[in-house]
Amino acid sequence: MKNGRSYQFDSIVFCTGFKRSTHLWLKGDDYLLNDDGIPKPSYPNHWKGRNGLYCVGLSRRGFYGAKSDALNIANDVKSVLCNVHNDEN
């Protein structure tokens with residue numbers, strides 16, 4: 001919320017660097033991350049949360065894991081958008 005206004009987003013991407021701090025400020029989601037900021041769902045499904053929440057690079061697999069996570073997320077977002085488009089027609 002900025003200047004008293006609310007905004008609607010389809011996707012939000014946070015790039016927090018290498019320190020796992022997301023669990024400290026992400027509130028209202030007990031599904032995706034544990035108290036250490038590590039995904040609760042096990043590999044290879046660790047990247048997908050609920051309600052459009054995703055995480056990239058938290059699988060402890062370096063840049064290769066981050067690339068794989070990003071591709072999975074991009075494909076999932078594409079699938080969601082195609083389904084929305086198909087439902088509208």
N/O donor to acceptor pairs below 3.5 angstrom from side-chain atoms of residues 71-79, sequence neighbours left out:
| unit_1 | atom_1 | unit_2 | atom_2 | d |
| --- | --- | --- | --- | --- |
| Asn72 | ND2 | Ser68 | O | 3.2 |
| Asn75 | ND2 | Leu71 | O | 3.2 |
| Asp76 | OD1 | Lys48 | NZ | 3.0 |
| Asp76 | OD2 | Lys48 | NZ | 3.3 |
| Asp76 | OD2 | Tyr54 | OH | 2.4 |

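- Within a 6.0 Å sphere centred on CG of Asn51, heavy atoms belonging to other residues, nucleotides or ligands number 12 at most.
- When side chains are defined from C-beta on, Pro41 counts as touching Tyr31, because their heavy atoms get closer than 4.5 Å.
- Residue pairs meeting the salt bridge (Lys or Arg N to Asp or Glu O under 4.0 Å) criterion with at least one partner in residues 64-75, sequence neighbours excluded, are absent.
- At least one side-chain heavy atom of Arg61 sits less than 4.5 Å from a side-chain heavy atom of Tyr43.
- Note that the CG atom of Leu33 and the SG atom of Cys55 stand 6.0 Å from one another [nearest 0.5 Å].
- For Asp35, the CG atom counts as loosely surrounded, since its 6.0 Å shell holds 12 or fewer non-hydrogen atoms of other residues, nucleotides or ligands.
- Every residue two or more places apart in sequence or in another chain was checked for a side chain to side chain contact (heavy atoms under 4.5 Å, CB included) with Pro44, and none qualifies.
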